[in-house]
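Reading through the structure tokens given below for one structure.
The model shown is predicted, which means the values in this text are computed figures rather than measured ones. The chains referred to below are lettered A, B, ... by the order of the sequence lines, with proteins before strands, and numbering in each begins at 1.
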Protein chains: 2
Amino acid sequence: MATIRDVAARAGVSVATVSYVINGTKPVAPETAARVRRAMEELDYHPDASAQSLRTRTTHVIGVVVSDIANPFFATLVRGAEDCARQHGYSLLICNTGEDLENERIYLSLLSRRRVDGLLLAPTGKNDELIGRLIDRGMNIVFIDRTPPHLQAPAVLSQNEAGAYQATCHLIERGHRRIGIVLGLPDVSTTAERLRGYRRALAHYGLELDEDLLVYGRSQVAGAREACLALLSRPNPPTAIFATNNLMTIGAMQAIRKLSLRCPGEVSVVGFDDFEWAEAFDPPLTTVAQDPYGIGQQAVGLLLGLLSGDRKPEQVRLPVELRVRGSVARLEGG
Amino acid sequence: MATIRDVAARAGVSVATVSYVINGTKPVAPETAARVRRAMEELDYHPDASAQSLRTRTTHVIGVVVSDIANPFFATLVRGAEDCARQHGYSLLICNTGEDLENERIYLSLLSRRRVDGLLLAPTGKNDELIGRLIDRGMNIVFIDRTPPHLQAPAVLSQNEAGAYQATCHLIERGHRRIGIVLGLPDVSTTAERLRGYRRALAHYGLELDEDLLVYGRSQVAGAREACLALLSRPNPPTAIFATNNLMTIGAMQAIRKLSLRCPGEVSVVGFDDFEWAEAFDPPLTTVAQDPYGIGQQAVGLLLGLLSGDRKPEQVRLPVELRVRGSVARLEGG
DNA sequence: GCTATTGATCTAAACGATTAGGCTAAACGG
DNA sequence: CCGTTTAGCCTAATCGTTTAGATCAATAGC
């Protein structure tokens with residue numbers, strides 16, 4: 001593989017000159033530049049990114065740490081991030097934690113070895129001190145989807161509380177009084193925020209909070225299915241379920257189907273996080289739509305702003321939207 | 001950020017010794033090693049990956065070039081690849097081409113600048129010569145999902161022809177005689193293979209191929225929707241549609257819905273590529289299931305084998321499975 | 001006409017790791 | 001007891017870039 005010296009030799013100039021024409025950092029005579037460019041062409045020369053990084057102390061790589069890229073929410077978010085990153089000459093290094101804090105630890109160490117220029121991080125919620133140390137050591141981090149509880153850091157998030165509030169209000173306005181909520185991981189900020197929205201809606205309508213209606217689905221299909229099976233098998237089951245993420249919505253639907261209940265006939269469902277095919281479902285799902293693509297885009301934008309120093313750290317909240325379809329029944333007396 | 005010299009100084013040894021304890025490349029006295037390790041700990045030292053790469057000429061990075069990571073098929077594939085890569089100390093650099101050959105070109109150049117150790121590539125099908133040059137220059141490439149037509153190269157693929165054959169047979173056996181097929185991008189190998197399976201099934205049952213029933217959906221939801229709208233609005237429409245990827249299956253369903261046709265009552269549908277929620281659809285979708293996670297895993301496995309030199313280049317075909325659900329009607333006389 | 005500036009180029013020192021080769025002292029084989 | 005090996009450590013070259021500083025000629029300013 002050709003190096004800068006090979007190019008320099010072939011063009012009859014010094015390596016410095018070649019570097020100048022590559023980066024445009026100093027003026028070079030037009031005909032010299034042309035000679036250099038031709039030499040690069042002929043040798044099929046590509047500057048070695050490792051050497052550049054070593055010298056310039058910048059990698060043009062952004063680390064992305066999410067729980068699971070096979071989750072459409074994160075997949076779309078990453079797509080948004082990548083589209084934006086590419087436009088600015090950055091690449092993405094993908095890390096799936098599987099919501100495991102040990103994996104998160106390993107990845108954060110890996111990414112700091114790789115000297116990534118910045119990080120997009122959806123924290124599991126238990127590595128606060130480690131993340132704090134990273135930030136102190138100058139690592140640029142933008143949190144996505146969630147934010148660590150005790151850190152005021154730049155982040156791009158959804159309006160979780162407002163979304164949960166809307167979803168719950170929608171159910172109440174359609175006559176539901178006993179509304180189950182399937183919550184995600186306890187240490188993740190979205191869980192707390194969505195629960196807050198749920199509580200606020202209940203309070204707004206003067207409804208008592210029944211602790212028995214709060215169940216935890218570990219943010220996964222299987223977890224939600226088990227939780228909902230238990231919830232719906234109780235003596236006094238809820239008439240509606242609010243599932244606080246996309247996977248848990250599927251889990252809830254599976255539980256309903258397994259118990260041979262009819263949705264929305266016997267149990268209504270609202271899900272948090274829309275997905276492309278929610279409309280084609282049986283029944284078409286009523287959901288709170290987030291904008292994962294936008295989150296990814298804006299997160300990279302924010303991060304690049306941080307890197308170039310001309311943008312202050314801030315928290316961005318992207319709007320959500322209730323999409324009413326067919327999974328919520330209107331109860332008499334509602 | 002601490003360097004190896006800082007560690008060496010603090011531990012009272014030379015940089016070479018530090019390197020030896022990091023990599024275990026030469027014997028080091030236990031107490032010396034302990035001192036070094038403590039120094040690394042205290043300084044929170046992480047070896048600079050760029051410097052290591054420059055010196056060792058290996059990056060432990062695998063480039064992954066797919067059309068769209070927001071497509072669940074590729075998202076799951078990447079997840080499988082990542083899980084496998086991590087276990088062997090490799091990271092993934094993600095590139096979305098959007099099926100655009102110019103993007104593919106840019107990315108291939110970028111990845112060769114980054115000196116990735118290898119490549120997982122789902123080629124758009126039009127950059128054959130460029131890819132050939134890359135291979136000639138020693139780049140290790142494993143093709144995923146598809147393979148460039150004129151290159152016999154290591155690849156991990158699905159049994160596309162067999163899958164399409166099964167899907168088409170299933171429709172024929174249920175009495176369908178006029179079966180529309182929605183094809184993807186013409187230059188992509190999966191398109192040709194799936195069409196071949198379709199033809200073989202027709203031939204096997206002695207049915208004539210009607211060219212009018214072949215339509216192209218550009219591998220996308222919108223493209224398939226338009227194509228199916230046209231197809232189903234003709235004087236003599238098909239009684240069934242075989243959509244040859246997941247997105248185009250959605251597009252076909254949208255078209256059917258838009259024309260107020262009933263599925264499976266008036267039009268039956270089989271899709272290629274299952275997705276997690278196909279069962280929850282209305283109607284539950286009959287699909288040919290691939291194993292994208294397995295493709296990702298095996299592709300990385302193959303690539304690492306290539307890198308270590310103890311595995312010969314080969315083509316792997318992963319089995320597919322017809323999952324019969326509710327989107328195919330049985331016609332009288334079938 | 002002299003000094004200051006600028007354009008165009010070069011030389012050589014970094015950046016932070018790995019590793020060949022050298023040295024010393026201890027262990028070993030016969 | 002002597003030659004050979006080996007453990008344990010060090011020095012210094014090297015990987016492929018960027019860039020500060022030097023050089024020299026041409027141009028500009030006065």
Subject >> Dot-bracket line, read 5' to 3' along DNA chain D, where crossing pairs take [ ] and | marks a partner on another strand, Watson-Crick or G-U under 3.5 Å >> reply: ||||||||||||||||||||||||||||||

Original post:
Within a radius of less than 6.0 Å around CZ of B/Arg311, do more than 12 heavy atoms belonging to other residues, nucleotides or ligands occur?
Top reply: yes

Original post:
For atom CD of A/Glu41, is the number of surrounding heavy atoms from other residues, nucleotides or ligands below 6.0 Å larger than 12?
Top reply: no

Original post:
So what does B/Thr3 touch, heavy atoms closer than 4.0 Å: a base, only the sugar-phosphate, or nothing?
Top reply: sugar-phosphate

Subject >> Sugar-phosphate only, base, or nothing, as touched by B/Thr56 at under 4.0 Å among non-hydrogen atoms >> reply: sugar-phosphate

Round to the nearest Å and state the distance from [X] atom [atom1] to [N] atom [atom2].
X: A/Asp6; N: D/dT17; atom1: CG; atom2: P; answer: 9 Å
X: A/Arg57; N: C/dA14; atom1: CZ; atom2: C1'; answer: 11 Å
X: B/His46; N: C/dA17; atom1: NE2; atom2: C1'; answer: 16 Å
X: B/Arg114; N: D/dC15; atom1: CZ; atom2: P; answer: 23 Å
X: A/Asp48; N: C/dG16; atom1: CG; atom2: C1'; answer: 14 Å
X: A/Leu54; N: D/dT19; atom1: CG; atom2: P; answer: 12 Å

Between [X] and [Y], is there a side-chain N and carboxylate O pair less than 4.0 Å apart?
X: B/Asp48; Y: A/Arg113; value: no
X: A/Arg137; Y: B/Asp44; value: yes
X: B/Glu31; Y: B/Arg35; value: no
X: B/Arg10; Y: B/Asp6; value: no

Original post:
If you measure from CD on A/Gln87 to CD on A/Glu82, what distance do you get to the nearest 0.5 Å?
Top reply: 10.0 Å

Original post:
Considering the options A/Asp187, A/Asp68, A/Thr124, which one meets the side-chain contact (heavy atoms from CB on, under 4.5 Å) requirement together with A/Glu99?
Top reply: A/Thr124

Original post:
Considering the options A/Val61, A/Val64, A/Val116, which one meets the side-chain contact (heavy atoms from CB on, under 4.5 Å) requirement together with A/Leu92?
Top reply: A/Val64

Subject >> For DNA chain C, the residues among residues 15-38 of chain B that have a non-hydrogen atom under 4.0 Å from it >> reply: B/Ala16, B/Ser19, B/Tyr20, B/Asn23, B/Lys26

**OP:** Would you please confirm or rule out a distance under 4.0 Å between OP1 or OP2 of C/dC15 and any side-chain N or O of A/Arg115?
**Re:** no

Original post:
Distance check: side-chain N/O of B/Gln52 vs OP1/OP2 of C/dG16, anything under 4.0 Å?
Top reply: no

Original post:
Side chain of A/Arg55, base of D/dT17: donor and acceptor closer than 3.5 Å?
Top reply: no

